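Some notes on the structure that comes next.
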Amino acid sequence: MESRPVAQVMRVFLLIWFGHLVSLMGSALTKFALGVWVYETPAQSLSSLSFLYLL
């Protein structure tokens with residue numbers, strides 16, 4: 001098994017970690033925006049909002 005320098009392994013780890021962080025932030029912002037959008041629709045139904053969060 002080939003040994004890699006610690007700096008190279010850490011760089012790969014940080015790249016993957018940063019990509020995951022960006023993905024989580026995007027998912028959270030999308031969830032928030034969809035909640036606002038569903039609540040602002042003419043029905044303004046809390047049941048629709050809770051159904052969205054359930055999914």
Side-chain angles (χ1 to χ4, degrees):
M1 185 173 193
E2 187 177 321
S3 174
R4 292 183 179 174
V6 175
Q8 184 181 10
V9 172
M10 193 65 179
R11 186 174 357 159
V12 170
F13 171 77
L14 287 175
L15 180 66
I16 292 171
W17 180 82
F18 184 71
H20 188 68
L21 178 69
V22 169
S23 175
L24 286 174
M25 287 177 58
S27 295
L29 286 172
T30 300
K31 184 177 179 182
F32 175 76
L34 275 175
V36 170
W37 179 70
V38 165
Y39 187 71
E40 289 295 317
T41 56
Q44 291 185 344
S45 172
L46 287 177
S47 61
S48 297
L49 182 63
S50 61
F51 185 67
L52 173 72
Y53 283 129
L54 179 67
L55 292 176

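Source: prediction; values computed, not measured.
Using a 4.5 Å heavy-atom threshold, the side chains of Met10 and Leu14 count as touching.
Grouping the Ile, Leu, Val, Met, Phe, Trp and Tyr side chains by contacts below 4.5 angstrom, directly or via other members, places Met25 with Trp17.
Side chain of Ser23 to backbone of Gly19: no donor-acceptor contact under 3.5 angstrom is found.
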